[in-house]
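Values below: all heavy atoms of this structure, side chains included; hydrogens, waters and symmetry mates excluded. Keep in mind that this is a model prediction, so the values were computed, not measured.
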Amino acid sequence: MLQILEKKLKRQLREKDFKELVFGSATTFFMRVLGMLAGTVFTFVMAKYYGASTVGAFHLSQTVLLLFTILTRLGMDTAIVKLFSENIAFNKWNNVLGIYNRVISSVIPLGLFWTVVLFFSSGLIAEHVFHKPYLKSYFQIISLGILPMAMRFVNSECYRGMRKLKLYAYSQNVSYFLYSIIVMLVLYFFHQSNSYIPNISFVIALAVLAITSSISVRSKINQNATESSPYLSKLEILKTSYPMMLSNSMMQISGWINTLILGSYVSDSDVGVYRVVLNVSSVCAFILVSINSVAAPRFAELYARKDLIGLARAARQTSAVNFFASIPIFVLIIVFRERIMGYFGNEFIIGASVLLFTMAGQFMNIFCGSVGSFLNMTGRQKEFQNILLICTLINLVSCFIFIPRYGLMGSAICTMLFMSSWNIISVVFIYRKYKIQTFYWPFTKIKQIDFMATENKTLVTDKETVLDTAAPVSHSPKVSVAIVGIQKSATSSLKNYLAEHPKLISHDRLEFTYFVNDNEYAQGYDRWFENDFDKNEAEGKLILVKNVGLVFWEEGLIRLKEHNPDVKIIMMLRNPADRAYSAYWYAVNRGVEKHKSFEEALKSDPKQYLRKADISIVSYYQQGHYFDLIQRLYYYFPEKNVKIILQEDLSKNGKQLMHDLFEFIGIDSSFQPDLAKKYNESASAKIKSLSNVNLEKIGIAKKIIHSIVTPKYRNILKRAFRKINSTKFEPPPLNSFTRQKLIDYFKPHNEKLGKLLNRDLSHWDK
C-alpha cells in the first residue's frame, strides 16, 4: 500500500500545476501557523500586563466584532475571489477595478452603519445579552474596528483573487495580530493600568492594515487597468455574494446548534469536552482551508475560461494534495487520540471515543476535497447554499434524536452526519452537473468524462482521469506551426504561401478541424493526420495547419497546447469592421446566415446556431475583439511563440512578411513563395439550397460514402462540388451609417490592440 501511495505521489509531483498547488498551500499553511503564534503571543502579552479579565473582555469584544463584520461584508470578500479571477483570466483589469470600486462603495456605508448601531447599542448588548454591563466601553471601542476589519477581509481576498498568495496569507493570518502586539507594547508604557488598551491596539492595527492594504490593492490593479468599468452593479455582486455568506453562516450555525442542544442535556464539563473534541478534529480541516486559499481562484479562473478539462484536473489535484497532506495527521489523531485528549486533563479522556465519530466526518472532508470552493467559484453558490440548508435541517433533527439518548456521543454522531451529508451531496451534484469527480482515492483509477462533452450535450470521450491524459496517445509528427485566425483575413492565402516552402507541409482541406471538432478529437490525432498528410511526404518537414476557429474556441487552444506546447502560432488580423462585413456575405453564400440584411444580422445572437462552425462565422462583433483573443493566446502560449500580423502587411509588403515568418518558424528565410496567386476568394453559390448541404449527416448516405470514399478524397469532392456550385461574387458597398457604427464599436478595442502591438491602427477608424 505504501508503495502505491509513493508511486502516486511521485507521479503527481511531476505535474507543474500540482507543484504550484503544493507549495502555494504550504506557504498559506505556514502563514496560518505564524498567525496562530502571533495570536498566542498577543494573548500572552495581554494576560501578562492586563490580567485574565481583560483577556476575557477582549475575546468577547472580538466575537461581537466578527458578527458585525459578517453583516458588513455580506459575503462580498468571498465573491471577489471569483469575480477577480474570472476577469483577470481574460486580462479584463478595467472590470476588476470596477468590481473593487463597487465592493468598497458598498462596504464603507455598511461598515459605518453597523459601527453606529453597535456603538449606541453597546450598553444594551452588554447588559441584556452578556449580563455584564461593564463590557459597554469595550464594545464601543471595538465598534470602531468594524469597517477596518471588513476592509481587511476584502483586501486580503483581493490578493487571493489576483493570485498574490503570500500577500493574502500574510494579510489574512499574521498582520493584524503582529501590528496589535507592536501597538499594545507602545501604548503600555504610556497607559500601564488602562484595561482598554488591547481593544484600542487591535482597532488601531486594523485601521493601519485597512489603509495600507487598500493602497496596495488599488496600486496593483491600477498597474493594469486604464479606467473603472461598470461591469457589475452592486445588486449583481450581492446576488453572487449573499449565498456565499449564508453558506459560511450555516456552517457556524450547525456547530452552535449541536453545542446549544448538548448543553440542555449534559453538564458543562461534557460541553467543554465536546468543544475540545471539535478543536482537535478540526486540525485536519486546517489543511483543507490552506489548500482552498490556492484552489479557489484557480477554480474560478479555469471555469471562466471554459477550460473544463483543466478544471477537472485542478479539482483532482486539489483533492490529491489534501489527501496526502491530511491523511498522516488523520492517522496520528486516531492512533494517539487518548493521549491527545489526556493532554487537556484527565476529565477529557472520555472524549477519545467521541473523537472517532468527529474524525469520521473529517475523513469525508479529506476524501471529497474542495467541493465547497468548487461550487462557490463555478457559479453554483446558490446550490451550495441549498445543500447546506438541507444538511443543517438534517443536523437539527438528528440532534433531537441522538443527543437526548446518547449525550456526548450523540452530538458527535450528529456532527459526523452533517459533515458527511453536505460533502457527499456536493460530490454527487458536481458529478451530475459536470461529470467531474472531485474525490480522490489513490488505490483506484477513476473514470472521468470530459467536461466539454457535458457542456455540448455530446459525449466526447470516456477516458481515465485527466491527470494522466487529455487525448489519445499519438505517434504521428506533431503540429509545428498553426495559423489560428482570424476568419476572413486572407488566412487561406497565407497558409498556401507558407506551404510552398520545402521545409513545410500542410493540408489540402480549407480548415484542419481536429482541435475544434469534438468527434474528430475523440478519434485521435493519428487518424486525422493520416487523412490530411502522407507520412512519407511529411518526413523531415514541419507540419503546418490552419483553423480560424482555434483562437475563437478556447478548448481548441487547450487541446493544441496539450498536443504541442512549443507550437509556433500565427494570427493574421484585418480591420474588424471590414472583416465583419466580409464574414456576413461569406455566411450568406454558405447558406448559414438567414438574415436578409447585415444590419439585422448584427442584432442577432450567434448562440442561436447549433454548430460551432456556424457560431464562429456569424460572431461578427466577437471575432473582432482582437485584444482579448490575443491575451487568450498569451495565456496558453509564450509570447515568443506567437506572431501577430496584419492582412495589410501581406498585401503591401508580402516579401518582407514572408521572410519574417519563415525566420520566426526557424527555417530558411530566403525562400520566396509565389504571392501572385489568390486563394479562397469571395464567391456566391449558384444554387444556395445546396451550399451548406452535408450528405454525411444523412444516415444511409453517410454509411455508403464512408465505405467507398476515404476522408482525404471526400474533402477533394467537397471542394470540387463547391467550386462547381460557385460563381465570382462582389458584395455591395457597406452602408456608411452601419460602417460608422462598427468603427465606433471597435475603436476602443483597436486602441488597446495598437498599444499591445505597438502599432498605429488609427486608419482602421476611418
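- Note: Y745 and H625 meet the aromatic proximity criterion, with ring centroids under 6.0 Å apart.
- Nearest heavy atoms, T378 versus K82: C-CE, 4.3 Å.
- Here the side chains of V516 and E555 are not in contact, with every heavy-atom distance at 4.5 Å or above.
- Summarising the geometry of L756 relative to I630, their closest heavy-atom pair is CD2-CG2, 3.6 Å, with the distance given to 0.1 Å.
- Looking only at distances, a side-chain donor or acceptor of Y626 sits under 3.5 Å from a matching main-chain atom of R574.
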Report task. Decide yes or no on side chain to side chain contact (heavy atoms under 4.5 Å, CB included) for E86 and L83, but give the supporting numbers first. Result -> CA-CA 5 Å; E86 64 188 19; L83 297 173; 3.5 Å; yes
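- Checked options V428, V371, L375; the residue passing with I387 is L375 (criterion: side chain to side chain contact (heavy atoms under 4.5 Å, CB included)).
- Heavy atoms only, all atoms of each residue included: A315 and I436 are closest at CB-CG2, 4.2 Å.
- In this structure, R559 forms a cation-pi arrangement with Y521, its terminal cationic atom sitting closer than 6.0 Å to the ring centre and no more than 45° off the ring axis.
- Judged by distance alone, with hydrogens and angles left aside, the side-chain atoms of R632 form a donor-acceptor pair with the main-chain N or O of F552 at under 3.5 Å.
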Requested in this report: Could you please spell out the steps behind the salt bridge (charged side-chain N to carboxylate O under 4.0 Å, His left out) verdict for E157 and R160?
Outcome: CA-CA 5 Å; E157 295 300 331; R160 186 154 69 124; 2.8 Å; yes
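- Taking 4.5 Å as the limit, every side-chain heavy atom of L544 sits out of range of all side-chain heavy atoms of I665.
- Of the possible polar contacts, none joining the S489 side chain to the Q647 backbone as a donor-acceptor pair under 3.5 Å is found.
- The closest side-chain donor-acceptor pair between Y620 and E593 falls under 3.5 angstrom.
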Query - Evaluation steps, side chain to side chain contact (heavy atoms under 4.5 Å, CB included), between M162 and F84 - result: CA-CA 7 Å; M162 293 187 286; F84 268 35; 3.9 Å; yes
Requested in this report: Test side chain to side chain donor-acceptor pair (under 3.5 Å) on E554 and Y635 and set out the steps.
Outcome: CA-CA 11 Å; E554 191 166 8; Y635 177 82; over 6 Å; no
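- Of the possible polar contacts, none joining the Y514 side chain to the R527 backbone as a donor-acceptor pair under 3.5 Å is found.
- Here the side chains of F384 and P243 are not in contact, with every heavy-atom distance at 4.5 Å or above.
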Requested in this report: Go through the steps for R163 and E301 under the test salt bridge (charged side-chain N to carboxylate O under 4.0 Å, His left out), then give the verdict.
Outcome: CA-CA 10 Å; R163 307 288 285 272; E301 180 180 329; 2.8 Å; yes
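- Atom CG of D628 is separated from atom NZ of K752 by 5.0 Å, given to the nearest 0.5 angstrom.
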Requested in this report: Tell me, with the steps shown, if N575 and H763 meet side chain to side chain contact (heavy atoms under 4.5 Å, CB included).
Outcome: CA-CA 9 Å; N575 182 320; H763 58 286; over 6 Å; no
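- Note that CD1 of I543 is 13.0 Å distant from NZ of K478, once rounded to the nearest 0.5 Å.
- Distance alone, capped at 3.5 Å, is enough to place a donor-acceptor pair between the E511 side chain and the V548 backbone.
- Between atom OG of residue S480 and atom NZ of residue K568 there is a gap of 9.0 Å, rounded to the nearest 0.5 Å.
- The minimum heavy-atom distance between L761 and N750, with the atom names listed, is CD1-O, 3.8 Å.
- Put simply, the side chain of V103 reaches to within 4.5 Å of the side chain of I237, judged on heavy atoms.
- Side-chain contact of N496 with E500: a donor-acceptor pair under 3.5 Å is absent, judged by distance alone.
- A 4.5 Å side-chain heavy-atom check between P673 and L498 finds every atom pair outside the cut-off.
- Note on ring orientation: taking the six-membered ring where Trp is involved, the planes of F529 and F533 are parallel (angle under 30°, cut-offs 30° and 60°).
- Distance check: K495 NZ to T491 OG1 gives 9.5 Å after rounding to the nearest 0.5 Å.
- Tested against W764, the residues E648, E751, H749 include a single side-chain hydrogen bond (donor to acceptor under 3.5 Å, both in side chains) partner, E648.
- Summarising the geometry of V551 relative to L629, their closest heavy-atom pair is O-CD2, 3.6 Å, with the distance given to 0.1 Å.
- Proximity of a side-chain donor or acceptor of H563 to a complementary backbone N or O of V479 within less than 3.5 Å is detected.
- Remark: I221 CD1 to C158 SG distance equals 5.5 Å, nearest 0.5 Å.
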**Report entry** side chain to side chain contact (heavy atoms under 4.5 Å, CB included) between F637 and K561, worked out
**Finding:** CA-CA 7 Å; F637 300 96; K561 181 182 179 180; 3.9 Å; yes
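- Side-chain atoms of Q385 and Y242 form no donor-acceptor pair, as typed in the model, at a separation below 3.5 Å.
- Between F598 and Y584, the angle of the ring planes lies from 30° to 60°, which puts this pair in the tilted group.
- In this structure, N641 contributes its side chain and P638 its backbone to no donor-acceptor pair below 3.5 Å.
- Between L494 and M658, the closest side-chain pair of non-hydrogen atoms falls below 4.5 Å.
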Requested in this report: Before giving the answer on salt bridge (charged side-chain N to carboxylate O under 4.0 Å, His left out), spell out for E520 and R509 the whole-Å C-alpha distance, their side-chain angles and the decisive distance to 0.1 Å.
Outcome: CA-CA 15 Å; E520 290 184 15; R509 58 174 165 157; 3.6 Å; yes
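- Counting heavy atoms from C-beta outward, I743 and Q740 have side chains that approach closer than 4.5 Å.
- Using modelled atom types, one finds a donor on one side chain and an acceptor on the other under 3.5 Å when comparing N94 with T226.
- Here the side chain of N386 pairs a donor or acceptor atom with the backbone of K382 at under 3.5 angstrom.
- Note: K239 NZ to S233 OG = 7.5 Å, rounded to the nearest 0.5 Å.
- Nearest approach of L550 to L557, heavy atoms of both residues: O-CG, 3.3 Å.
- In this structure, the side chains of F299 and S85 stay at 4.5 Å or more apart for every pair of heavy atoms.
- A distance-only check finds a donor-acceptor pair linking the side chain of H507 to the backbone of K546 [under 3.5 Å].
- Under the 3.5 Å distance criterion, the side-chain polar atoms of N547 are matched with a main-chain donor or acceptor of F512.
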